[in-house]
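Scroll down for the structure; my scribbles are underneath it.
On a predicted model such as this, the values are computed, not experimentally measured, just so you know. Computed from heavy atoms alone, side chains included, the values below leave out hydrogens, waters and symmetry copies. In what follows, chains are A, B, ... by sequence order, proteins preceding strands, each numbered from 1.
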2 protein chains.
Amino acid sequence: MAGRRDDQKGAGGGRCNCTALRKATRRISQLYDTALASSGLKSTQRAILAQISRSEPTTVGGLAQALVMDSGALAHTLKPLERDGLITVEVDPDDRRSRLIRLTADGRAKLAATDESWAHAQSSFEAAFGQVESDLLRQALQVLISDDFVSAFEKNLLANRQEPNDHDRSPQ
Amino acid sequence: MAGRRDDQKGAGGGRCNCTALRKATRRISQLYDTALASSGLKSTQRAILAQISRSEPTTVGGLAQALVMDSGALAHTLKPLERDGLITVEVDPDDRRSRLIRLTADGRAKLAATDESWAHAQSSFEAAFGQVESDLLRQALQVLISDDFVSAFEKNLLANRQEPNDHDRSPQ
DNA sequence: ATCAAATACATGCATATGCTTGCATCTTCG
DNA sequence: CGAAGATGCAAGCATATGCATGTATTTGAT
């Protein structure tokens with residue numbers, strides 16, 4: 001028990017679920033990114049291209065919802081992909097407010113080119129973490145992004161806001 | 001097997017562990033940020049202040065390791081906090097390469113002020129996701145950021161890189 | 001004491017994200 | 001048809017992050 005300033009490393013340093021998620025995401029993203037490095041795509045970009053390929057053509061809003069991100073943020077993120085000719089963004093003739101997003105031939109090729117690297121990262125993850133554990137983790141994460149979870153969270157948050165204590169809400 | 005294009009939404013849209021983590025992190029960060037909004041701190045900033053308070057004084061490198069982030073990135077992220085007078089960053093007299101990071105009185109007060117909001121978010125999360133499930137999730141995420149996991153992942157990645165197939169590595 | 005190697009950061013560059021605001025485009029209702 | 005309200009984005013602003021490179025220091029070996 002000598003020199004101990006960094007002991008919280010063992011203690012996990014706090015038990016905030018949000019922080020725990022962010023830490024894990026940083027680490028895993030880095031691992032996947034390293035695996036994808038040679039392909040020239042980041043894990044985030046691959047995720048976007050993959051999502052587009054699964055629901056092509058799609059819109060900014062639809063994509064944002066599928067990826068659980070802000071549409072404004074997504075609009076920014078799409079720029080590099082469009083600039084690099086991996087996707088096309090055009091006004092939807094049926095609703096000129098919307099944009100139709102599609103993969104270009106290059107985009108499709110790029111995505112295909114990353115398949116193998118991605119599969120390696122994914123299988124490495126599952127070999128290290130366990131197949132069953134990986135499935136359970138994804139299921140848990142899936143719950144977190146479900147509408148039900150969000151509703152329940154917000155409901156609890158509101159309830160708590162009223163009475164920090166615990167002795168029921170005054171009927172008043 | 002009717003209407004098929006957007007079904008992946010129900011299917012989770014791909015099974016990339018990295019993407020699943022990112023999605024969940026975005027959502028949960030948003031929920032925690034909303035809960036912390038009134039305090040003026042983002043969940044990321046609170047996480048940093050909290051970590052500093054747990055190992056004060058600390059260094060850029062130590063903090064980066066504890067938060068599982070790049071020290072360069074952390075240096076950037078500390079700027080706003082320093083600018084707002086929540087932390088101080090000074091050269092370590094014992095090793096002038098290092099910086100000693102500390103909370104200011106304001107920083108400590110700000111952190112304390114967010115305690116209640118954070119607790120509400122945290123308890124709302126656990127009420128919605130389940131106490132046991134929450135603990136298990138944090139444990140799982142804890143494993144993902146462990147050195148053992150990273151080592152195992154990289155070992156598998158390297159092995160895979162050699163032979164995409166599965167028929168063992170030649171004893172050479 | 002010196003110089004090469006290792007450290008600990010700081011910076012610049014690029015992407016990632018969220019929020020707010022403003023614009024263009026539907027929709028709806030009278 | 002015309003105006004109010006709802007939608008779908010784009011752009012600006014600010015923080016979050018990672019990586020590569022440059023700089024200041026400390027260490028280690030000679």
Query raised in the report: Sequence neighbours excluded, which residues qualify as side-chain hydrogen bond (donor to acceptor under 3.5 Å, both in side chains) partners of A:S117?
Result: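 Partners of A:S117 under the side-chain hydrogen bond (donor to acceptor under 3.5 Å, both in side chains) test: none.
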Query - side-chain hydrogen bond (donor to acceptor under 3.5 Å, both in side chains) against A:D92, all qualifying residues, sequence neighbours excluded - result: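 If we apply the side-chain hydrogen bond (donor to acceptor under 3.5 Å, both in side chains) test to A:D92, skipping adjacent residues, there are no hits.
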Query raised in the report: Does A:R22 have any salt bridge (Lys or Arg N to Asp or Glu O under 4.0 Å) partners at least two apart in sequence or in another chain, and if so, which?
Result: none
For the pair made of [atom1] in [X] and [atom2] in [N], what is the distance, rounded to whole Å?
{"X": "A:L81", "N": "C:dA14", "atom1": "CG", "atom2": "P", "value": "16 Å"}
{"X": "B:L49", "N": "D:dT15", "atom1": "CG", "atom2": "P", "value": "14 Å"}
{"X": "A:R99", "N": "D:dT7", "atom1": "CZ", "atom2": "P", "value": "18 Å"}

Pairs in or reaching into [range]: which pass salt bridge (charged side-chain N to carboxylate O under 4.0 Å, His left out), with residues at least two apart or in two chains?
{"range": "residues 55-83 of chain B", "result": "B:E56-B:R108"}
{"range": "residues 131-144 of chain B", "result": "B:E126-B:R138, B:D135-B:R138"}
{"range": "residues 141-151 of chain B", "result": "none"}
{"range": "residues 27-45 of chain A", "result": "none"}

Query raised in the report: Is there a residue in residues 82-97 of chain A whose heavy atoms reach under 4.0 Å of DNA chain C, and which residues are they?
Result: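 The stretch gives A:R83, A:D95, A:R96, A:R97 as the residues lying under 4.0 Å from the strand, ordered by number.
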Extract from the structure each pairing of a protein N or O with an N or O of nucleotides 16-18 of chain D at less than 3.5 Å, listing the distance.
residue: D:dA16; atom: OP1; partner: B:T44; partner atom: OG1; Å: 2.6
residue: D:dA16; atom: O3'; partner: A:R22; partner atom: NH2; Å: 3.3
residue: D:dT17; atom: OP1; partner: A:R22; partner atom: NE; Å: 3.2
residue: D:dT17; atom: OP1; partner: A:R22; partner atom: NH2; Å: 2.6
residue: D:dT17; atom: OP1; partner: A:R26; partner atom: NH2; Å: 3.4
residue: D:dT17; atom: OP2; partner: A:R26; partner atom: NH2; Å: 3.0
residue: D:dT17; atom: O5'; partner: A:R26; partner atom: NE; Å: 3.4
residue: D:dG18; atom: OP2; partner: B:D70; partner atom: N; Å: 2.8

Report task. Determine whether B:L67 and B:W118 fall in the same hydrophobic cluster, where Ile, Leu, Val, Met, Phe, Trp and Tyr are linked whenever their side-chain heavy atoms lie under 4.5 Å apart. Result -> no
Query raised in the report: Should A:S98 be listed as having a side-chain N or O under 4.0 Å from OP1 or OP2 of C:dT25?
Result: no
Query raised in the report: When all nucleic acid strands are considered with a 4.0 Å heavy-atom cut-off, which category describes B:S29: base, sugar-phosphate, or nothing?
Result: nothing
Query raised in the report: Which pairs count as side chain to side chain donor-acceptor pair (under 3.5 Å) when at least one residue sits in residues 96-105 of chain B, sequence neighbours excluded?
Result: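 Only B:E90-B:R102, B:D95-B:R97 qualify under side chain to side chain donor-acceptor pair (under 3.5 Å).
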**Report entry** Nearest heavy atoms of A:F153 and B:S124, plus distance in Å
**Finding:** O-CB, 3.6 Å
Query raised in the report: Which angle, to the nearest 10 degrees, lies between the helix axes at the two ends of the helix from C:dA1-D:dT30 to C:dG30-D:dC1, each defined by five pairs?
Result: 10°
**Report entry** Under the ring pair (Phe, Tyr, Trp, His ring centres under 6.0 Å) test, residues paired with B:F125 that sit two or more places apart
**Finding:** A:F149, B:F129
